[in-house]
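Have a look at the structure below before the remarks.
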Amino acid sequence: MAIPVEMPKLGNTVEECILAGWKKRKGETVAEGEILADIETDKATFELRSPSGGTLLELFFGEGSLVPVYANVCVIGEPGESVEAFRPAQIAAPAPAAKVAAPAPVLAAAPAGAPPPAAACTEPRQVFLSPRARRFAREHGLAPPSGPGSGPGGRVMEADLRRSYYGSPRISSLARKRLEAGYEIRGAGSGPNHMVLAGDLGEPPARMSKIREMTARRMRESLSSTAQYTLHTSADATGLLAFRNKVKAARRSAAVPDININDAVLFAVVKALVLMPELNAEFIGNKIYRRSRIHLGFACDTDKGLLVPVVRDCERLSMGELAGRVKDLTSRAQEGTLTPDEMSGATFTVSNLGNLGISSFTPIISPPQVAILGVDSIELKPLRRDGRVEFVDHIGLSLTCDHQVIDGAPGARFLKVVREQIENIEAIAELKL
């Protein structure tokens, strides 16, 4: 019996996902649990797996399509079984083969210098364009398609438009193939009669991932909707380094949790937020909401881009428990298995670039949060003691606040509290080492 495969709902706030790429093709045999496609939300990339074994009978969406959750994306079954009962309402069935008289250009390029047709980039009743095809048509001023494309259900794909737009005989065959793959023309061709050759093409454009798009948009919105300022200071890291060495030594002979420098700093930040809860807040609709529970986000660099996992209810956790949750979330962020719900709801965020040797930077707030702490590298700094200058290890701290909510003095006081917690880390850790 044929079985439809739905686009899963990957979080309470997720309503649609991008079908980033198919791993299997129509007609191929798949096993239960085998990866069918990669899908993206605005926060992460996930794998769509087969619920059963069988033959991939139909793919309803092309790569790059924005698909609503719970919509059928494909059907698995036995060869010959009908898939029409599972076809999404927005996907037209393929045109019967007998009605296709002969291959024809999907689109015609507008005359040089002429304005784009008034109806450009509109979709006829039974012809659908993929998001990338729609964008390509808009950018190149192309007329509406006159027939079905090569995608599932006759969907017009970007490759269909490129074949039509770059189908001139003044382009070499190799150049035409590269243009269809996404390369761009740099200028007039260098071949006979200005024929465009493969060497006249630039690099192919790289598709920005959904994660990267959302990060870029949120950063722009953050800077345009807040009044951000950054304060810089440093804390004496002598006790922090000594504490880390004691943890490493104690772990050889006792059941002591693995706590690194970053874990200890995060714990110190939580203690500071308990003492100064005004920074554990959100600014929404010109109203300030101070949160009693601390949901700590921490920036995590992955192959897919910046992710911010969230450790919830940190005020209730011991240092060992906090360290364990941070390591678990970091590992799953690297693997791409975090859920959207595990990357939302932070009330305060920490971004640590110290391991990359950064001595000072300006972190950007993630609204509606009102502050973010940047953690810098540990460096030797001169310190005057008893009339003498000594070099002491210090860890840099960079706090960015929204001046609409947090003035400079409260921001400076919070940074002072964080510094004090770090400098007394062994006392607040409550660990027997």
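What you see is a predicted model, and the numbers here were worked out from it, not measured in a lab. Because only heavy atoms are used, hydrogens play no part in the values below, and waters and symmetry mates are left out as well, while side chains stay in.
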Practice task
May I ask you to check whether over 12 heavy atoms, not counting those of R388, lie within 6.0 Å of atom CZ?
Solution key: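 No - once you tally the heavy atoms of other residues, nucleotides and ligands closer than 6.0 Å, there are 12 at most.
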
Evaluate the side-chain proximity of [Y] to [X]: yes if any heavy-atom separation is below 4.5 Å, no if none is.
X    : Y    : value
R218 : T215 : no
L36  : I76  : yes
K9   : E15  : yes
C74  : W22  : yes

Handout entry: Working for side-chain contact (heavy atoms from CB on, under 4.5 Å), residues C300 and Q334
Key = CA-CA 8 Å; C300 186; Q334 298 290 350; 4.1 Å; yes

Handout entry: Sole residue of K24, K23, R49 in salt bridge (charged side-chain N to carboxylate O under 4.0 Å, His left out) with E34
Key =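 Answer after filtering K24, K23, R49: K24.
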
Charged N-O contact under 4.0 Å between [X] and [Y]:
X    : Y    : result
E420 : K416 : yes
E278 : R290 : no
R332 : E335 : no

Handout entry: Member of N352, V375, V270, N260 meeting the side chain to side chain contact (heavy atoms under 4.5 Å, CB included) criterion with V265
Key =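 Single pass found, and it is V375.
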
Problem - Donor on one side chain, acceptor on other, E379 and S377, under 3.5 Å - result: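 Yes, S377 and E379 have a side-chain donor paired with an acceptor closer than 3.5 Å.
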
Exercise for the section: Say whether N280 and T347, considering side chains only, have a donor N or O and an acceptor N or O under 3.5 Å apart. Expected result: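 Short answer, yes.
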
Practice task
Could you list the residues that satisfy salt bridge (Lys or Arg N to Asp or Glu O under 4.0 Å) with D313, not counting sequence neighbours?
Solution key: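 For D313, the residues satisfying salt bridge (Lys or Arg N to Asp or Glu O under 4.0 Å) (neighbours in sequence not counted) are R293.
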
Practice task
Spell out, as yes or no, whether a donor-acceptor pair under 3.5 Å connects the side chain of D402 to the backbone of Q404.
Solution key: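 Between the backbone of Q404 and the side chain of D402 there is a qualifying donor-acceptor contact (under 3.5 Å).
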
Practice task
Please step through side-chain hydrogen bond (donor to acceptor under 3.5 Å, both in side chains) for the pair D236 and T238, ending with a clear verdict.
Solution key: CA-CA 6 Å; D236 188 332; T238 305; 2.7 Å; yes

